[in-house]
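Everything numeric here is computed off the predicted structure, so don't read it as measured data.
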Amino acid sequence: MKVYEINEKVLKYRFGNPIKTDAVLMEGLEIKKSKIDYFEVIKGNIVIFKYKMSLEDIILGLGENLRGINKRGGIYESFCTDNPRHTPDVKSLYGAHNFIIIDGREKFGIFVDYPSKVVFDIGFTNRDYLQIEVSDNNFDFYIIKGDSSKEIVKTFLKLIGQSYVPPKWAFGFQQSRWSYKTADEIEEIAKKFIENDIPCDAIYLDIDYMEDFKDFTVSKERFPNFKKFVEDMRTKGFRLIPIIDAGVKIEEDYDIYEEGIEKGLFCTDEKGNPFVGAVWPGRVHFPDFLNPVARKWFGLKYKKLVDFGIEGFWNDMNEPAIFYSDRGLDKAIKKAEESESKNLDIYTFFDLKDEFINLSNNIDDYKSFYHKIDGKIVNHYKVHNLYGYNMTRAAAEGLEEISPNKRFLLFSRASYIGMHRYAGIWTGDNHSWWEHLLLNIKMMPSINMCGFLYSGADTGGFGGNANAELIIRWSQFSVFTPLFRNHSALGTRNQEPFAFDENTTKILRNIIRLRYALIPYIYSEFMKAVKDGGVYFSPLVFEYDDDISRRVEDQLLVGESIMLAPIYQENSKGRYVWLPEDMLLWKVRDYTDRNFEIIKKGHNYINVELDEIPIFIRKDKMIIIGKHGKNVESIKNTKLDVLAFIENKCLYVYYDDDGKTCDYKDGKYDEIHIYIEKVKDDFKIEIDNRGNKDIKLINFYIVGTNGKIIKKKVEIN
């Protein structure tokens with residue numbers, strides 16, 4: 001074992017000869033150290049780390065995974081997995097995010113940089129022990145120290161690099177469904193958004209836009225004159241976002257297939273022939289995204305769609321998902337033939353049934369194909385978690401070469417830490433269950449801790465049938481997630497904002513309008529998190545370290561000023577809320593209303609009607625409100641409203657930039673520094689405008705601790 005000091009807070013322990021993942025951007029200097037802090041280490045063919053937890057320890061992190069914000073009591077497998085049934089006993093989802101924080105008598109973070117299976121047993125087998133099991137002895141093990149969870153996360157995010165930033169229009173509402181199959185169907189969806197006066201920025205193209213499910217093709221039958229169609233939709237205010245899948249269809253005269261074969265750019269089987277799996281098109285080959293040549297080749301193929309005017313993509317099925325392989329299918333068919341005419345008892349029937357159930361995403365298939373990495377042949381199983389990451393890296397690098405300095409919307413289903421620099425993620429094929437709304441709430445801060453700031457779930461649930469109340473309550477939470485996309489599956493009930501009764505449409509219209517009015521705050525807080533290496537969503541413990549706040553699982557902080565306490569139970573007329581300090585409650589029906597109530601520190605029950613969104617403004621904080629429009633680009637915020645809850649004083653930095661380019665990386669952005677201070681029975685306001693030429697006037701609604709609203713107007717020079 002070699003030990004490297006990255007800085008005074010981070011040590012890297014290197015076991016064996018790890019495969020390079022590019023997750024961490026800092027190398028460090030080798031130092032002499034023989035033991036690993038905090039852990040008992042058991043070495044062998046696998047390596048086990050054991051840590052005795054104290055009663056007060058909470059365990060945060062693991063990004064996209066099940067259960068709570070505090071992961072204690074669960075067992076988790078870090079192995080990118082296509083599993084649409086996200087029940088509490090599932091051990092892994094689509095992402096592999098091996099970062100955790102122990103917050104208790106000791107405070108430190110752990111990152112296991114290993115691209116195959118890692119098991120985190122956090123008090124499941126033995127409630128007193130955290131045990132990390134790495135299924136190899138070639139990996140890097142990082143320990144990050146700090147005085148608080150918030151500090152540890154900030155150090156870790158600096159270690160792994162700045163997060164991806166989408167264009168500003170990607171913070172608008174987005175509508176998707178598997179599947180809008182034709183241009184006419186999409187035209188009708190767009191028409192209904194316009195007729196119902198509901199803002200929307202993007203409509204998605206799922207697999208049926210393609211010709212026979214082939215990547216980078218468009219069906220001429222269902223989408224004739226695609227370039228003009230994209231232009232026409234853009235004129236109406238909508239961008240189209242096509243899906244790209246990992247598997248390339250095996251078909252003669254299909255250029256992607258032919259080129260991949262000719263240049264040897266697909267993953268191979270043990271004999272060196274292109275590996276065959278099956279997904280949507282049937283039999284496919286998988287590009288070898290761990291090969292830089294294959295990565296560049298595939299990434300530049302996005303130009304085919306960019307040339308049509310496409311400005312965003314979602315990468316899917318890139319764990320990679322495998323419906324079946326020839327090996328598995330032959331084995332299952334043979335089992336069925338052997339069972340023919342037999343009297344199958346419970347065990348023999350289950351054996352037969354399992355043979356077919358286990359066709360999909362079979363571990364034996366993942367162990368049956370290979371990558372070429374730095375001239376060496378490597379079994380896929382050893383690098384499984386890097387596949388979706390590098391597919392999306394290919395896309396990001398390709399798009400950067402195609403249109404330098406232009407921001408594209410890009411997000412992925414599968415991911416590994418490091419991919420956050422290239423794209424966002426969505427949380428995959430969730431379900432129209434209230435439990436999954438709560439899971440969405442709990443998952444967001446964990447995802448942010450691993451660098452994925454641009455993220456969100458399928459609002460309303462992908463599988464199953466959502467009722468109006470679930471869509472409303474879920475949308476009320478998704479107002480605050482950077483990716484706000486309504487997405488549902490083929491065969492389920494339509495769940496667009498206009499697909500329900502008239503009153504539901506009215507409520508959803510107001511919710512989505514609130515989202516657009518909040519974009520000045522949401523975008524400002526998102527970009528400051530990116531720029532400063534922080535998070536956008538955080539658990540209460542990041543700011544309030546009292547015993548109760550440490551255990552709160554269903555309330556979040558959004559940026560520096562807002563606390564959320566979403567409604568996530570059916571037929572609720574309100575909920576219990578823990579306030580670590582006095583806060584200002586704004587129950588929003590219409591975002592132009594200015595009705596506030598001070599809620600005192602402690603345990604409270606608040607009444608919340610179905611058409612209300614409870615937003616808590618923290619003490620000595622403020623939020624920025626603009627106006628809504630049909631889409632983000634149509635909004636011209638020359639006037640802003642500031643809503644503030646002031647006991648003493650507050651400084652807020654409002655960030656903005658062009659929303660289109662990467663110039664923000666070179667310091668080309670605008671700020672307005674807003675300072676409010678209580679002076680006797682009044683408030684002093686100071687404005688320092690640092691480059692923003694759009695904002696001409698700010699209307700202030702300042703609430704003091706006496707509950708009175710003081711209104712002021714300040715013109716901006």
Side-chain angles (χ1 to χ4, degrees), residues 1-3 11-19 21 23-24 35-54 57-68 70-81 83 88-102 104 106 108-144 156 319 361-364 366-367 378-387 414-418 446 449-450:
M1 179 184 74
K2 293 182 178 180
V3 184
L11 289 180
K12 174 174 71 176
Y13 301 85
R14 171 156 288 179
F15 291 76
N17 297 296
I19 291 170
T21 68
V24 174
K35 291 185 178 180
I36 294 180
D37 295 339
Y38 307 115
F39 287 91
E40 174 192 355
V41 183
I42 304 167
K43 298 179 183 178
N45 292 330
I46 64 173
V47 181
I48 297 171
F49 300 84
K50 294 184 72 173
Y51 174 77
K52 178 75 179 293
M53 295 185 289
S54 65
D57 283 348
I58 59 174
I59 313 297
L60 309 175
L62 291 185
E64 183 185 32
N65 222 309
L66 279 299
R67 303 172 74 96
N70 181 1
K71 294 296 189 291
R72 191 161 182 167
I75 187 167
Y76 312 87
E77 292 182 356
S78 184
F79 194 81
C80 297
T81 303
N83 180 357
D89 58 341
V90 168
K91 296 177 184 176
S92 56
L93 293 178
Y94 308 95
H97 305 144
N98 306 336
F99 173 62
I100 62 171
I101 299 169
I102 293 88
E106 307 275 7
F108 62 96
I110 297 296
F111 174 48
V112 184
D113 193 5
Y114 175 64
S116 190
K117 184 181 287 188
V118 181
V119 178
F120 294 84
D121 186 335
I122 308 176
F124 179 81
T125 302
N126 184 324
R127 68 187 301 268
D128 294 328
Y129 278 91
L130 160 65
Q131 182 168 300
I132 303 170
E133 183 179 301
V134 186
S135 57
D136 197 353
N137 46 29
N138 298 283
F139 59 92
D140 287 331
F141 188 88
Y142 293 81
I143 292 181
I144 303 112
F156 177 64
E319 291 72 33
N361 308 314
N362 191 289
I363 291 296
D364 289 339
Y366 289 135
K367 292 180 177 179
V378 178
N379 187 280
H380 171 80
Y381 183 81
K382 294 285 188 182
V383 292
H384 173 77
N385 293 334
L386 297 181
Y387 193 79
S415 60
Y416 182 84
I417 289 173
S446 301
M449 290 177 207
C450 295

K.L.:
With a 6.0 Å cut-off (strictly less than), is the heavy-atom count around CG of Asp89, excluding the residue itself, greater than 12?
P.N.:
yes

K.L.:
Please report the closest heavy-atom contact between Ser78 and Ala96, naming both atoms and the distance.
P.N.:
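Shortest heavy-atom separation between Ser78 and Ala96 comes out as OG-CB, 3.3 Å.
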
K.L.:
Is the side chain of His384 donor-acceptor paired with the backbone N or O of Lys117 at a distance under 3.5 Å, no angle test?
P.N.:
no

K.L.:
Start with the C-alpha gap between Thr81 and Val90, add the side-chain angles, then the distance that decides, and say whether side chain to side chain contact (heavy atoms under 4.5 Å, CB included) holds.
P.N.:
CA-CA 10 Å; Thr81 303; Val90 168; over 6 Å; no

K.L.:
Just so I know, are the side chains of Asp121 and Glu133 near enough to count as touching, which here means a heavy-atom distance under 4.5 Å?
P.N.:
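Not touching, per the 4.5 Å side-chain cut-off.
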
K.L.:
Would you say Arg72's side chain and Asp57's backbone share a donor-acceptor pair under 3.5 angstrom?
P.N.:
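It does hold such a pair.
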
K.L.:
Can you check side chain to side chain contact (heavy atoms under 4.5 Å, CB included) on Ile143 and Ile110, steps first, answer last?
P.N.:
CA-CA 5 Å; Ile143 292 181; Ile110 297 296; 3.6 Å; yes

K.L.:
Under the side chain to side chain contact (heavy atoms under 4.5 Å, CB included) rule, what do Leu66 and Leu93 come out as? Steps first, then yes or no, please.
P.N.:
CA-CA 8 Å; Leu66 279 299; Leu93 293 178; 3.3 Å; yes

K.L.:
Is there a side-chain contact between Met449 and Leu60 (heavy atoms, below 4.5 Å)?
P.N.:
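Yes, their side chains come closer than 4.5 Å.
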
K.L.:
Could you pull out all residues at least two apart from Asn45 that satisfy side chain to side chain donor-acceptor pair (under 3.5 Å)?
P.N.:
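Side chain to side chain donor-acceptor pair (under 3.5 Å) list for Asn45, sorted by chain: empty.
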
K.L.:
Indicate yes or no: at least one non-hydrogen side-chain atom of Ile48 is less than 4.5 angstrom from one of Gln131.
P.N.:
yes

K.L.:
Given Val41 and Met1, is the side chain to side chain contact (heavy atoms under 4.5 Å, CB included) satisfied, shown in steps?
P.N.:
CA-CA 12 Å; Val41 183; Met1 179 184 74; over 6 Å; no

K.L.:
Do the ring planes of Tyr38 and Phe108 sit parallel (below 30°), tilted (30 to 60°) or perpendicular (above 60°)?
P.N.:
parallel

K.L.:
Closest approach of Gly44 and Asn137, non-hydrogen atoms and distance?
P.N.:
O-ND2, 3.3 Å

K.L.:
How many angstroms lie between CD1 in Ile122 and CD1 in Ile58, if you round to the nearest 0.5 Å?
P.N.:
12.0 Å

K.L.:
Parallel, tilted or perpendicular for Phe141 and Phe49, by the 30°/60° rule?
P.N.:
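Phe141 and Phe49: parallel rings.
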
K.L.:
Measure the spacing between CD1 of Ile417 and NE2 of His97 and express it to the nearest 0.5 Å.
P.N.:
6.5 Å

K.L.:
With rounding to the nearest 0.5 angstrom, report the CD1 to CG distance, Ile100 to Asn65.
P.N.:
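It is 11.5 Å, given to the nearest 0.5 Å.
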
K.L.:
Where does the angle between the aromatic ring planes of Phe79 and Tyr381 fall among parallel (under 30°), tilted (30 to 60°) and perpendicular (over 60°)?
P.N.:
tilted

K.L.:
Is there a side-chain contact between Val47 and Phe139 (heavy atoms, below 4.5 Å)?
P.N.:
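Yes, their side chains come closer than 4.5 Å.
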
K.L.:
Quick one: does Lys71's side chain get under 4.5 Å of Tyr76's, heavy atoms only?
P.N.:
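Yes, close enough: below the 4.5 Å cut-off.
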
K.L.:
Of all residues at least two apart in sequence or in a different chain, which pass the ring-ring contact (aromatic ring centres under 6.0 Å, His included) check with Tyr142?
P.N.:
Phe111

K.L.:
Side chains of Tyr129 and Met53: closer than 4.5 Å at any heavy-atom pair?
P.N.:
no

K.L.:
Is any side-chain heavy atom of Asn138 closer than 4.5 Å to one of Lys382?
P.N.:
no

K.L.:
Side chains of Val24 and Asp140: closer than 4.5 Å at any heavy-atom pair?
P.N.:
no

K.L.:
Does CZ in Phe124 sit with more than 12 non-hydrogen atoms of other residues, nucleotides or ligands closer than 6.0 Å?
P.N.:
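Counting other residues, nucleotides and ligands, CZ of Phe124 stays at 12 neighbours or fewer.
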
K.L.:
Just how far is it from atom CG of Leu62 to atom OG of Ser92, taken to the nearest 0.5 Å?
P.N.:
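Rounded to the nearest 0.5 Å, the CG-OG separation comes out at 11.5 Å.
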
K.L.:
Nearest 0.5 Å, what's the CD1-OG distance between Ile102 and Ser54?
P.N.:
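Here the interatomic distance stands at 10.5 Å.
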
K.L.:
CD1/Ile132 to CD1/Ile46 distance, rounded to the nearest 0.5 angstrom?
P.N.:
13.0 Å

K.L.:
Keeping the roles fixed (side chain from Asn385, backbone from Gly95), state whether a donor-acceptor pair exists under 3.5 Å.
P.N.:
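Answer holds: no.
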
K.L.:
Quick one: does any side-chain atom of Tyr416 pair with a main-chain N or O of Tyr114 as donor and acceptor, under 3.5 Å?
P.N.:
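Between the backbone of Tyr114 and the side chain of Tyr416 there is a qualifying donor-acceptor contact (under 3.5 Å).
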
